[in-house]
Visitor: 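Before we start, here is the structure in question, set down as structure tokens.
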2 protein chains.
Amino acid sequence: MASQVLIPSGISGTNQAKWLMTKTKKIPVPTIERLARYSRPLEDLSGSGDVVISSVRLAELCGVTSPQVRKDLAYFGEFGTRGVGYNVEDLLKEIKKILATDQEWTLCIVGIGNLGNALVENENFRKRGYNFLAAFDSDPKKVGHTLSCGLTIEPSRNMAQLIQKLHIEIGIIATPPFDAQKVTNLLTDSGIKAILNFAPIQVRVPEGCLVENVDFTVSLENIVYHLRDISKKGLF
Amino acid sequence: MASQVLIPSGISGTNQAKWLMTKTKKIPVPTIERLARYSRPLEDLSGSGDVVISSVRLAELCGVTSPQVRKDLAYFGEFGTRGVGYNVEDLLKEIKKILATDQEWTLCIVGIGNLGNALVENENFRKRGYNFLAAFDSDPKKVGHTLSCGLTIEPSRNMAQLIQKLHIEIGIIATPPFDAQKVTNLLTDSGIKAILNFAPIQVRVPEGCLVENVDFTVSLENIVYHLRDISKKGLF
DNA sequence: CCCACAATGTGCAAAAATTCACAATTAACC
DNA sequence: GGTTAATTGTGAATTTTTGCACATTGTGGG
Ligand SMILES: NC(=O)c1ccc[n+]([C@@H]2O[C@H](COP(=O)([O-])OP(=O)(O)OC[C@H]3O[C@@H](n4cnc5c(N)ncnc54)[C@H](O)[C@@H]3O)[C@@H](O)[C@H]2O)c1
Ligand SMILES: NC(=O)c1ccc[n+]([C@@H]2O[C@H](COP(=O)([O-])OP(=O)(O)OC[C@H]3O[C@@H](n4cnc5c(N)ncnc54)[C@H](O)[C@@H]3O)[C@@H](O)[C@H]2O)c1
């Protein structure tokens, strides 16, 4: 019933929210997702030698077409030099500015099981400016335990207080699906602005809160659908 | 250079492959992804009471529109009863048949770090018919260790042999990005049919092999782009 | 200075996906 | 048995996204 701001993309893209725009143009939703993907090879290249990159090369590295790359970038400005290409460092900087990954973000995570632990220990997040400031679990046996990243697992009841005190913006859910909605409510009641949910259910949030649902098995099902499709083609 | 079969969807959908069809119609790529998502609430409902479900209700649970649900299903047949709705059990069975999740699939995983361990220990996969038959790691300290799921970690050099002996169809990559391409080559040389890659690079596979790249940080970047977008709207 | 070449940026056309609106069908009730 | 309410299935309209072709601009060499 409660309407919500869904981000229509990613594994779980539940296409509903539409109006996205800068200045004048409407930005296609998949463009944002691709921009994020473009930044990966740029980061790698950023260290090593190459100063410029063409849309053709970048497209190859990301598995898209080159007009797609150019168009995606053109929505936000003119970042290249005709006849030359894009300056790697500059382009990366521009993309980060567009995506708002040129700033630091504050996160917390709820549910420190196998997946939660992998996420919080993964330094790629911190390296990209995503800072975990708190970790919560409901299991009394886990509460109080200190993780190698330095965080101490807090009981869920401290959630509202800590989120407000530490100005935490984004919450990650890695609890079993049964608890995911309850945790979502706790998070939104605490004033969280966005949620990344790994539990395989679609959680509901009050208006104004962003939610992105991630479900690996959807990817697997995608694979097996196409696999079966292919072997059928082989048979007939 | 090597062309490949990309599955254009999921977190990493690199829209390139297009031709999908049953009997007569062309199936939109996002439809497959949504079918997978429809099956989650159906599984839950399947146990508890409810015998039928309307497209409106299912749409609510999945965060899509109801004509979307009906159209998605209509691509594959007529599964509902007008004036009534869809029988939960039947619909779930039909969707599983469509997605090819009504059969068992054989998997292996490469890279038993934090994420790899979480994946292989997660029983949702097995419950859905995805059976991990082998786990590989290059770290000599990990090789030989037996996981709680019963698998013993194998050295990468046994890969080709085991994949062929056990008829493993799908490989999951959970190694650091630097090694992902090398591992991909090993897997495809061993005759694997599809790869689910969690390392944040776009791996290349020879023609005829499916690959789905999953990257969580893309989801996060999606979130922060929209978050910043919203706060900007608040300011002006 | 001019010419050939390379690669971007973009208007327009095509394709893909979604939404709409409603005819068709079923159940339930009186 | 007829009338009402509910809900599916679907062709057509609409919206969104991608692809194409090429004019534009910058580089470098003679
Ligand atoms: N492990 C994977 O590879 C994987 C893959 C895809 C999806 N997921 C999903 O991610 C979630 C977590 O998976 P996992 O393997 O880490 O499970 P897990 O059982 O190892 O961990 C779940 C953790 O959540 C905690 N928890 C339970 N209820 C809670 C609550 N109300 N508040 C706070 N914490 C609570 C538990 O104490 C536990 O530590 C599940 O929903 C799972 O389906 C996991
Ligand atoms: N941990 C997360 O939450 C997370 C999230 C998103 C993406 N990822 C990605 O998933 C991958 C794994 O992440 P992780 O946190 O588990 O890392 P990790 O360092 O904990 O584990 C990597 C494992 O791969 C093994 N390995 C390395 N090279 C190998 C090779 N050539 N063959 C076989 N095994 C090899 C290592 O021995 C190690 O056990 C990384 O690419 C990471 O970026 C992880």
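FYI, side chains are in, hydrogens and waters are out, and symmetry mates aren't considered; it's all heavy atoms of this structure.
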Visitor: Nearest to the side chain of B:Y86, heavy atoms from C-beta on, is which of D:dT8, C:dG9, D:dC20?
Guide: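 Nearest to the side-chain atoms of B:Y86, counting from C-beta on, is D:dT8.
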
Visitor: Send over the distance from B:Q68 CD to C:dA17 C1', rounded to a whole Å.
Guide: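 To the nearest whole Å, that distance equals 8 Å.
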
Visitor: What about B:K71, does its side chain sit under 3.5 Å from the base of C:dT19 through a donor-acceptor pair?
Guide: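 Checked by distance alone, the answer is yes.
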
Visitor: Just to verify, which of A:L186, A:L187, A:I172 counts as forming a side-chain contact (heavy atoms from CB on, under 4.5 Å) with A:V110?
Guide: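 Among A:L186, A:L187, A:I172, the one meeting side-chain contact (heavy atoms from CB on, under 4.5 Å) with A:V110 is A:L187.
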
Visitor: Taking CD from B:E78 and C1' from D:dT8, how many angstroms apart are they, rounded to a whole number?
Guide: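 Checked: the CD to C1' distance equals 8 Å.
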
Visitor: Where do N or O atoms of nucleotides 26-30 of chain D meet protein N or O atoms at under 3.5 Å, pair by pair?
Guide:
unit_1	atom_1	unit_2	atom_2	d
D:dG26	O4'	A:R82	O	3.3

Visitor: Which residues pass the side-chain hydrogen bond (donor to acceptor under 3.5 Å, both in side chains) test with B:E94, sequence neighbours left out?
Guide: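 With sequence neighbours excluded, B:E94 shows a side-chain hydrogen bond (donor to acceptor under 3.5 Å, both in side chains) to no residue whatsoever.
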
Visitor: Take atom CD1 of B:I32 and atom P of C:dA17, then tell me their distance rounded to the nearest Å.
Guide: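 So the two atoms are 11 Å apart, to the nearest Å.
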
Visitor: In whole angstroms, how far is the P atom of D:dG9 from the CG atom of B:L73?
Guide: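 About 7 Å, once rounded to whole Å.
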
Visitor: Does the ring center of B:F216 lie less than 6.0 Å from the ring center of A:F125?
Guide: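 No, the ring centres sit 6.0 Å or more apart.
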
Visitor: Given atom NZ of B:K26 and atom P of C:dA17, what is their separation to the nearest angstrom?
Guide: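 Going from NZ in B:K26 over to P in C:dA17 covers 7 Å.
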
Visitor: Between B:R34 (CZ) and C:dT18 (C1'), how many Å, whole number?
Guide: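 Distance, rounded to whole Å: 8 Å.
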
Visitor: Round to the nearest Å and state the distance from B:F76 atom CZ to D:dT8 atom C1'.
Guide: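 Checked: the CZ to C1' distance equals 18 Å.
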
Visitor: Quick check on A:R57: does its CZ atom have over 12 non-hydrogen neighbours (other residues, nucleotides or ligands) under 6.0 Å away?
Guide: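 12 or below, so no.
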
Visitor: Would you say A:N122 and B:L115 make side-chain contact, with heavy atoms under 4.5 Å?
Guide: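 No - every pair of side-chain heavy atoms lies 4.5 Å or more apart.
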
Visitor: Select base, sugar-phosphate, or nothing to describe what B:S55 touches, counting heavy atoms under 4.0 Å on all strands.
Guide: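 Sugar-phosphate contact only.
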
Visitor: Are A:Y86 and A:S55 packed together at the side-chain level, in the sense that at least one heavy-atom pair is separated by less than 4.5 angstrom?
Guide: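 Of all side-chain heavy-atom pairs linking A:S55 with A:Y86, at least one is under 4.5 Å.
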
Visitor: Using whole Å, report how far CG of A:L58 lies from P of C:dA7.
Guide: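 Whole-Å distance recorded here is 14 Å.
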
Visitor: Report yes if some heavy atom in the side chain of A:E169 is under 4.5 Å from a heavy atom in the side chain of A:I192; otherwise report no.
Guide: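 No, every pair of side-chain atoms sits at 4.5 Å or beyond.
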
Visitor: If you check every side-chain atom of B:S54, which of D:dT18, D:dT7, D:dG9 has the closest atom?
Guide: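 Taking heavy atoms from C-beta onward, the closest nucleotide is D:dT7.
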
